[in-house]
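Read through the structure below, which is laid out as structure tokens, and then see the notes.
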Amino acid sequence: MTTNAFISSFSTKYISIITQFLGSLVTARLIAPDSFGAFSVCVIILTTANIIRDLGISNFLIVNDSNCRKTLDSAFTLVFLTSLALFLSIMFGAGSVARFFESAAIEPALQIMSLSLLITPIYVIKSSIFKKEMDFTKDLVSSTLGIILSTSLTIYLAAQGYEVIALAIGNLALFIVQTAVILFYDKRLYSFSLLHAHSIFQKSKYVLTYNVISHLGLSCVEFISAKSAGLTDTGLLSRANTTASMFVKLFNEGFHPVVVPYFSKAKVSESKTEKFLLMAKISSNLSIPFYITLGILAEPAIVILFGEKWIAAAPFLTIICIGRAISAITSVYEPALMGLGLANRLVKVGLYIQVFRIAIALLTFNYGIYVMVICATVFPPILRTTLFVALANRELNINVAQQLSIAAKAFLVAVLASSPLIALIVSQDSGWWTNVLVLIGALVTSLCLYIALVLNYEEPKALVRSFFKNNGS
């Protein structure tokens, strides 16, 4: 079952990400950085609302052994009532947000996007049940159709000159299509009931707290920069963030939905440790080399993908990739420990990390956007790695040196594999990447080095083989 779910989850995200990526190549050329910055503010607010709306119930439904009809009714009622309250708050507060950020475009965009809060409660419940059953096919169809239609609509409206409104309507269309498709597969509706509401909230509140704190910490730099540095710089920073996040979506969002139920089924201590180390090895050896390479290739990547007007986003992308590479050391720890029922421990660790990130952002924004981004992007992942490694050592009795050795080898492979690119940069002037043939040659050489290095240490073939063979259908 795990093998099929793993492949299905990856397929779901790959198709969605490729479609989104292709759409972003077009919209980036139609939308100015300041408009993208205004949309980023709206996204941060709506994402915060969606996390609060979820109440941690998605995770509760996935890990809970028994989800009877009354439990599902209560879960739906909680999500719906929370969604309604958030919708009204955003609808009537959008004007104040627009005045705060001095952008009239924010108000209508935020109001349009807030309509999704009224549509998605039923999607939240049904999608969680499908994930619990490791049935990712329905998610694949709903996500793919939603992204194709919403991206097409966004491009059309952006070409007409609507910019921020185009992005907002496209965002709303995505949620509408996803919910409609899920209802096509499962037409059962839920009743309003609060019978099990208290017990559900008691079990899900830790996940809710953790998710809210994590999001606020991750988005605080963009949110602060929107006010202190302006929407143009925020748009550039957001473009860099979304570019770096492609790998998160490409790998982690395909990998992590399988990790929570995968670990929730691990009952024996030895099995938990073995599975944990296996996931950490796979994740580190894919994540870290990618971010190192992307950080080196930031400038050509931005210009080739999005056009010359976005070139100022390249320094932000390099900084973000450094932070993401450090975070990648423990990227699989969160869903793994969540699946093992340690959500309350994660809340404490997440609280320390994100409060630290927010404090750094608030203390450094007066020194300029680059100082704030460097400090808030690089230092928190170091604290995160320290705390997560200690948590895994305490809860799963996994040796600290054993954990760090996995990351050290992944970093060593990444640096050695990228040496042709580093040599190219050192030997050429500022236009080092304009010679396409030389750049392609360096990339191919780096890829061959990466494959050769990975295949020659710590039985890498056994990593993937053991995952699919020992835990396959």
Side-chain angles (χ1 to χ4, degrees), residues 56 59 63 206-220 244-245 247-248 251-253 255-264 266 269 271-292 320-360 375-412 414 463:
N59 184 77
V63 301
Y206 293 112
V207 176
L208 168 63
T209 306
Y210 178 72
N211 288 341
V212 170
I213 293 171
S214 295
H215 171 65
L216 292 177
L218 292 172
S219 61
C220 68
S245 296
F247 183 75
V248 176
F251 179 70
N252 288 358
E253 289 190 12
F255 196 53
H256 289 181
V258 182
V259 174
V260 174
Y262 179 68
F263 275 93
S264 66
S269 178
S271 174
K272 292 178 182 179
T273 301
E274 181 182 345
K275 290 182 176 186
F276 191 91
L277 293 174
L278 170 63
M279 292 288 191
K281 290 174 183 177
I282 294 174
S283 179
S284 295
N285 282 288
L286 288 173
S287 304
I288 293 173
F290 174 85
Y291 285 125
I292 296 295
I320 290 166
C321 283
I322 294 171
R324 291 288 178 93
I326 298 170
S327 293
I329 297 171
T330 54
S331 66
V332 80
Y333 283 40
E334 291 182 60
L337 294 170
M338 193 84 73
L340 293 172
L342 298 174
N344 56 335
R345 306 286 199 287
L346 288 175
V347 170
K348 294 179 181 178
V349 173
L351 176 64
Y352 298 146
I353 297 169
Q354 302 308 342
V355 168
F356 181 58
R357 188 191 306 274
I358 294 169
I360 287 177
C375 293
T377 301
V378 176
F379 293 132
I382 296 173
L383 176 62
R384 167 198 165 94
T385 300
T386 303
L387 294 176
F388 271 122
V389 166
L391 183 62
N393 174 252
R394 184 170 64 250
E395 298 295 337
L396 298 176
N397 198 32
I398 301 176
N399 187 272
V400 172
Q402 190 177 14
Q403 296 180 64
L404 294 180
S405 68
I406 294 172
K409 290 177 180 179
F411 269 107
L412 180 61
L463 295 181

Heavy atoms of other groups near Y352 OH, more than 12 under 6.0 Å: no
Can you see which heavy atom on [X] is nearest to which on [Y], and at what distance?
{"X": "C375", "Y": "I360", "value": "CB-CG2, 3.5 Å"}
{"X": "P289", "Y": "A410", "value": "CG-O, 4.3 Å"}
{"X": "N393", "Y": "I398", "value": "ND2-O, 3.0 Å"}
{"X": "A280", "Y": "I406", "value": "O-CG2, 4.0 Å"}
{"X": "A414", "Y": "I292", "value": "CB-CG1, 3.8 Å"}

Residue pair S287 / R324, side-chain donor-acceptor N/O under 3.5 Å: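 The answer is no; no qualifying pair exists.
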By side chain to side chain donor-acceptor pair (under 3.5 Å) - contacts of T377 (at least two apart):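 Scan of T377 (side chain to side chain donor-acceptor pair (under 3.5 Å), adjacent residues dropped) gives none.
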Qualifying residues under side chain to side chain donor-acceptor pair (under 3.5 Å), relative to R357, sequence neighbours excluded: Q354
Which residues share a side-chain contact (heavy atoms from CB on, under 4.5 Å) with L412, sequence neighbours left out: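 Counting only residues at least two positions away or on another chain, L412 forms a side-chain contact (heavy atoms from CB on, under 4.5 Å) with L416.
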Audit row: F379, L383, side chain to side chain contact (heavy atoms under 4.5 Å, CB included) steps and yes/no: CA-CA 7 Å; F379 293 132; L383 176 62; over 6 Å; no
Nearest-0.5 Å distance, OG of residue S327 to CD1 of residue I288: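 Nearest 0.5 Å value for the OG-CD1 distance: 10.0 Å.
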Close side-chain approach of Y291 and I320, heavy atoms under 4.5 Å: no
Side chains of F388 and I329 in contact at under 4.5 Å (non-hydrogen atoms):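 A side-chain contact under 4.5 Å is absent here.
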Heavy-atom donor-acceptor pair, R384 side chain to T330 backbone, under 3.5 Å: yes
